[in-house]
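As structure tokens, the structure follows; a few thoughts come after it.
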Amino acid sequence: MAKRAETLDWSLWQAFLAVAETGSLSAAARLLNLSQPTLGRQIRRLEDDTGLELFSRQPRGLDLTDHGRALLPAARRMADASGQIALAMAGEDRGMTGTLRITASEIVAYHHLPPILARMRAEAPEMNIVLLPTDTSENLLFREADIAIRMYRSDQLDVVTRQIGTLSIGAFAARSYLDRRGRPRTPEEILTHDLIGFDRADLILRGMRQMGLDVDRDSFALRCDDQVTYWELVRAGNGIGFGQHAVAARCPEVEELFPNLPIPPLPVWLAAHEAMRRTPRVALAWKILEEELAPILGPV
């Protein structure tokens, strides 16, 4: 058995945690922005240092051994502690110089944020900005993002949230499609048209069912989960879909159907870890986001 290391190398345990939670070297390497061979060497080194086999190699990936499962809770506590230290250090930063990481949904990042970030850069040119367009949740506790624009209220402890408004949603189609297929006269007639929906996500399905429309995934002639591409499919005349009024207002080729449809608006929340909320970079971004998003948002 190899001699066990007397000190802990956090980078090795970070690699262990990433592989344990993703189940593969390739996925963990992408998560940590490392090459797969580098990550593999880190895992082998950790196993040499501890004298324990932590993973068993399976055709579908890597499974934790009994030793690995026993050590996983402690590794997670190490990650929590590391994140808290990083937040505490960042919270002491009183300068504007440095990097600000903003996460938002892909549709908000694409359609709404570019001019807002231009204002941030103009007011704080010494600040670097990383924009993370994603429809998954970035972790504010581990500084994967410093400030988040979300369509739900974060339930993470120590995260400050504020709802700043709502985004209204409507049913839309390109005029080219409606000229070709005709305009539905009632909401129920939508079901006789080509519908554009999501594939794995069920948001549109649930919304249509709440309106009393009997639909399933096969009701959609075209499905796409990427929301930026989804809207382009609507604009191009592929059928009837759903989108934000604030986005559709910029698209004269698109026409709204049944403006009085009872579609619940999307709430818009700002969120930041409380240790970061009052730092100059986050405070400035929070203020600008509130001011610049206000004209396109409805009431809370």
Side-chain angles (χ1 to χ4, degrees), residues 1-91 99 101-106 130 132-148 150 152-159 198-203 217 225-226 271-276:
M1 179 179 294
K3 181 181 178 181
R4 298 188 181 186
E6 295 180 357
T7 59
L8 296 178
D9 185 335
W10 164 236
S11 65
L12 301 183
W13 287 101
Q14 190 176 30
F16 164 78
L17 192 58
V19 175
E21 293 184 340
T22 62
S24 77
L25 285 175
S26 58
R30 289 192 297 270
L31 182 66
L32 297 177
N33 197 26
L34 297 172
S35 70
Q36 187 170 331
T38 296
L39 189 61
R41 286 193 295 271
Q42 289 182 332
I43 294 299
R44 287 193 297 273
R45 180 182 161 191
L46 183 60
E47 289 182 325
D48 289 342
D49 286 351
T50 60
L52 301 172
E53 183 182 13
L54 302 175
F55 295 97
S56 60
R57 279 67 180 173
Q58 304 293 335
R60 65 181 182 278
L62 297 177
D63 285 345
L64 284 168
T65 63
D66 290 342
H67 294 306
R69 281 190 289 272
L71 294 173
L72 183 59
R76 285 178 171 151
R77 289 194 294 271
M78 288 176 66
D80 290 342
S82 176
Q84 292 300 320
I85 291 170
L87 279 168
M89 292 172 59
T99 299
R101 301 173 68 84
I102 301 175
T103 184
S105 71
E106 293 177 352
V130 176
L132 305 166
T134 177
D135 292 315
T136 61
S137 297
E138 297 298 308
N139 197 325
L140 298 171
L141 300 182
F142 295 107
R143 294 205 67 205
E144 293 172 11
D146 297 309
I147 186 168
R150 290 176 170 166
Y152 61 90
R153 183 174 187 173
S154 173
D155 58 2
Q156 289 180 310
L157 295 176
D158 303 325
V159 170
F198 296 149
D199 185 28
R200 293 181 298 275
D202 66 351
L203 180 63
R217 277 183 171 76
D225 282 322
D226 181 281
H273 193 279
E274 64 178 4
M276 299 294 298

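Everything numeric here is computed off the predicted structure, so don't read it as measured data.
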| message | Quick check for you: to the nearest 0.5 Å, what is the distance between Leu12 atom CG and Gln42 atom CD? | response | 6.0 Å
| task | Measure across Leu32 and Ala15 and return the closest heavy-atom pair with its distance rounded to 0.1 Å. | result | CD1-CA, 3.9 Å
| request: First locate atom OG1 of Thr65, then atom CD of Glu53, and finally report the distance between them rounded to the nearest 0.5 Å. | output: 6.0 Å
| task | Over all heavy atoms of both residues, which pair between Asp9 and Ser11 is shortest? Give the atoms and the distance, please. | result | OD1-OG, 2.6 Å
| field | Residues forming a salt bridge (charged side-chain N to carboxylate O under 4.0 Å, His left out) with Arg69, sequence neighbours excluded | value | Asp66
| remark: Rounding to 0.5 Å, atoms CG (Leu25) and CZ (Arg30) come to a distance of 11.0 Å
| said: Does this structure show an ion pair linking Asp49 with Arg45, if we count only N-O contacts that are shorter than 4.0 Å? | reply: yes
| message | If you define the side chain from C-beta out and look only at heavy atoms, does anything of Leu72 sit under 4.5 Å from Leu17? | response | yes
| message | Quick check for you: to the nearest 0.5 Å, what is the distance between Trp13 atom CH2 and Thr50 atom OG1? | response | 6.0 Å
| task | For Leu71 and Leu52, work out which heavy atoms get closest and say how close. | result | CD1-CD1, 4.1 Å
| task | Show your working on side-chain contact (heavy atoms from CB on, under 4.5 Å) between Arg217 and Asp202 and close with a plain yes or no. | result | CA-CA 9 Å; Arg217 277 183 171 76; Asp202 66 351; 4.1 Å; yes
| Can you list the residues that meet the salt bridge (charged side-chain N to carboxylate O under 4.0 Å, His left out) rule with Glu21, with sequence neighbours excluded? | Arg76
| message | Quick check on side chain to side chain contact (heavy atoms under 4.5 Å, CB included): which of Asp63, Ile43, Leu46 does Phe55 satisfy it with? | response | Ile43
| query | For Arg57, does the CZ atom sit with more than 12 other heavy atoms under 6.0 Å from it, leaving out its own atoms? | reply | yes
| remark: For Leu39 and Ala29, the nearest pair of non-hydrogen atoms, with its separation, is CD2-N, 3.4 Å
| field | Qualifying residues under side chain to side chain donor-acceptor pair (under 3.5 Å), relative to Asp225, sequence neighbours excluded | value | none
| What's the spacing between Gln58 CD and Ser24 OG if we round to 0.5 Å? | 13.5 Å
| Non-hydrogen atoms of Thr103 and Ala145 that approach each other most closely | CG2-CB, 3.7 Å
